[in-house]
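Each remark here refers to the structure printed beneath this line.
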Number of protein chains: 2
Amino acid sequence: MDVQLKRGLLDVCVLAAIKSEDSYGYKIIKDMKPYMELSESTLYTILKRLEGAEMLTVRTAAHDGRLRKYYRITAAGCRRIEEFKSEWAEMMSIYQFVSREGDEHA
Amino acid sequence: MDVQLKRGLLDVCVLAAIKSEDSYGYKIIKDMKPYMELSESTLYTILKRLEGAEMLTVRTAAHDGRLRKYYRITAAGCRRIEEFKSEWAEMMSIYQFVSREGDEHA
DNA sequence: GTGTAATACATCGTATCACGAGGTATTAGA
DNA sequence: TCTAATACCTCGTGATACGATGTATTACAC
C-alpha cells in the first residue's frame, strides 16, 4: 500500500489495536498485519508520539523473564478514533470525486 | 481535515481535477475546494512532482495577456488513478478494522 | 551444547512532503 | 489610485515513515 495513503491511518490503527485490550509492540504489529504492515521502527515512533499526545499510557511488566511495555488507550485516544470516523465521511466524498472524474467525461 | 490523511489523496485529486479537461493551477484549486482545500505552494509542489513522474504534461498558453500553464493528464496519470481505486478497497478494510475495534469490545 | 529463529525492545539518519511566508506581474473594478 | 483577484513561483521548516542497526532473552532443532 502506498506510503502516503497509510500516513493518516497509522496512528488511528495503532489506537484501534489497543482499544479493546492493552497490548505491546510486537503483538500490535502482528494484529495489524492482516490490515496493514508496519515496521518496528515505525511502530515505536508512533507509540512515542501517541504517548506524548497523551492518547495512551505505558506500563512495563515482566513476562517470561522478558520485559514488555503494555500500552493502554486513554479518553483522548478514544476521541481520536471518533474524530477519524467523522473524517471518513470527507474521505468518501473525495474518493467519489476522484472516482467520478476518473470514469465519466463531462 | 487532518494533514496526514490528506497526503495520500492530494496527488490523485489533482490528477482527477485535470482528467476530463486540461486545467491550470488557479482553476485546479478552485475546482478542488469543495472537496479539499490546498494552498498554492502545495499545489505547485504537487504539479512539479507529477510532471517529474510523467503523470502529466505542461503547455503554456496566453490568456488575456496573462500566461497560463495548462496541465494534461498522461496514460501513466490515468493508471495512477486506477491504482488508487484498487487501493481504496484496502483503505475500506482498514477503516472497518478501526471502526469495529472502536465500537465493540471483544 | 551450539546455532538459529523468534520475541521484544530501542536509536539514528535519510528522504519525502505539505505548507506558510514571501515574491513577481497583470487585469478589473471601486 | 488603490485594492482585490488572477496567475505564477521559491525557500525553509517541521513532521514523519522506514531501513539499518543494535541489545538481550527464550525456544527449539541438530
Side-chain angles (χ1 to χ4, degrees), chain A residues 1-15 17-18 22-33 35-53 55-71 80 87 90-91 94, chain B residues 1-15 17-18 22-33 35-53 55-56 58-71 80 84 87 90-91 94:
Chain A
M1 180 172 198
D2 177 56
V3 186
Q4 301 307 317
L5 212 47
K6 276 171 78 171
R7 277 177 109 101
L9 305 175
L10 277 168
D11 282 31
V12 108
C13 265
V14 171
L15 287 173
I18 62 169
D22 293 6
S23 190
Y24 56 94
Y26 226 70
K27 185 164 188 293
I28 294 171
I29 289 175
K30 281 204 290 184
D31 288 347
M32 283 178 58
K33 201 157 203 165
Y35 304 98
M36 201 192 323
E37 306 227 0
L38 80 170
S39 67
E40 290 183 53
S41 58
T42 302
L43 178 65
Y44 290 112
T45 307
I46 291 169
L47 288 171
K48 274 270 170 61
R49 183 164 66 237
L50 291 175
E51 193 191 348
M55 293 194 183
L56 50 77
T57 56
V58 197
R59 155 180 62 95
T60 303
H63 180 88
D64 284 337
R66 258 196 289 264
L67 282 181
R68 273 186 189 164
K69 292 180 82 172
Y70 284 92
Y71 297 92
R80 179 71 191 86
E87 284 178 327
E90 270 182 82
M91 290 285 281
I94 292 167
Chain B
M1 181 173 197
D2 178 58
V3 186
Q4 301 307 318
L5 212 45
K6 276 171 78 171
R7 278 176 107 101
L9 305 174
L10 277 168
D11 282 31
V12 109
C13 265
V14 170
L15 288 172
I18 63 169
D22 293 6
S23 189
Y24 56 95
Y26 226 73
K27 185 164 187 293
I28 294 171
I29 288 175
K30 282 202 289 183
D31 288 346
M32 282 179 60
K33 201 157 204 166
Y35 305 97
M36 200 191 326
E37 306 226 1
L38 81 170
S39 67
E40 288 182 54
S41 59
T42 301
L43 177 65
Y44 289 112
T45 306
I46 292 168
L47 287 170
K48 273 271 169 61
R49 183 165 65 238
L50 291 175
E51 192 190 348
M55 293 193 184
L56 50 76
V58 197
R59 154 180 62 94
T60 303
H63 180 86
D64 284 338
R66 258 197 290 265
L67 283 181
R68 273 187 189 163
K69 291 180 83 170
Y70 285 92
Y71 298 92
R80 178 73 192 85
F84 169 77
E87 283 177 328
E90 270 182 81
M91 289 286 279
I94 292 167

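Chain letters run A, B, ... following the sequence lines, proteins first and then strands; every chain starts at 1. Values below: all heavy atoms of this structure, side chains included; hydrogens, waters and symmetry mates excluded.
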Review point. Given Val12(A) and Glu87(A), is the side chain to side chain contact (heavy atoms under 4.5 Å, CB included) satisfied, shown in steps?
Key: CA-CA 12 Å; Val12(A) 108; Glu87(A) 284 178 327; over 6 Å; no

[N] phosphate, OP1 or OP2, under 4.0 Å from [X] side-chain N/O:
X        : N       : result
Tyr24(B) : dC8(D)  : no
Lys48(A) : dA10(C) : no
Arg7(B)  : dA15(D) : no
Tyr44(A) : dC9(C)  : yes
Tyr26(B) : dA5(D)  : no
Gln4(A)  : dT16(C) : no

Review point. For Arg66(A), what residues pass the salt bridge (Lys or Arg N to Asp or Glu O under 4.0 Å) criterion, not counting sequence neighbours?
Key: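 Here no residue qualifies.
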
**Study point:** Stepwise side chain to side chain contact (heavy atoms under 4.5 Å, CB included) check, Gln4(A) with Leu10(B)
**Key:** CA-CA 9 Å; Gln4(A) 301 307 317; Leu10(B) 277 168; over 6 Å; no

In whole angstroms, how far is the [atom2] atom of [N] from the [atom1] atom of [X]?
X        : N       : atom1 : atom2 : result
Leu67(B) : dT26(C) : CG    : P     : 10 Å
Leu5(A)  : dT16(C) : CG    : P     : 18 Å
Leu43(B) : dT6(D)  : CG    : P     : 15 Å
His63(B) : dC8(D)  : NE2   : C1'   : 15 Å
Leu50(A) : dA15(D) : CG    : C1'   : 14 Å
Lys33(B) : dT6(D)  : NZ    : C1'   : 13 Å
Leu47(B) : dC8(D)  : CG    : P     : 9 Å
Ile46(A) : dT16(D) : CD1   : C1'   : 9 Å

Review point. What is the nucleic acid contact for Lys27(B), judged by heavy atoms within less than 4.0 Å: base, sugar-phosphate only, or nothing?
Key: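 Nothing, no nucleic acid heavy atom in range.
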
Review point. Shortest non-hydrogen contact from Tyr26(A) to Tyr44(A)?
Key: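 Nearest heavy atoms, Tyr26(A) then Tyr44(A): N-OH, 4.2 Å.
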
Practice item. Find which nucleotide of DNA chain D each of Gly25(B) and Asp11(A) is nearest to by heavy atoms, and output the residue with the more 5' nucleotide. Key: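 Checking each residue's closest nucleotide, the 5'-ward one belongs to Gly25(B).
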
Review point. In B/S/- notation, 5' to 3', how is nucleotides 18-29 of chain D contacted by protein heavy atoms closer than 4.0 Å?
Key: BBB----BS---

Check your understanding: Is it true that a side-chain atom of Glu51(B) and a backbone atom of Val58(B) form a donor plus acceptor pair closer than 3.5 Å?
Key ->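 A pair under 3.5 Å: no.
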
Point to revise | Test item: Lys6(B) side-chain N/O and Glu37(B) main-chain N/O as donor-acceptor pair under 3.5 Å | key: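 Checking the backbone N and O of Glu37(B) against the side chain of Lys6(B), a donor-acceptor pair under 3.5 Å is found.
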
Review point. Does a side-chain N-to-carboxylate-O contact under 4.0 Å join Arg49(A) and Asp11(A)?
Key: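 Counted as a salt bridge, because a side-chain N and a carboxylate O are separated by less than 4.0 Å.
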
**Study point:** Per Arg49(B) side chain, nearest of listed nucleotides dA17(D), dA18(C), dA8(C)
**Key:**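 Closest of the options to the side chain of Arg49(B): dA18(C).
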
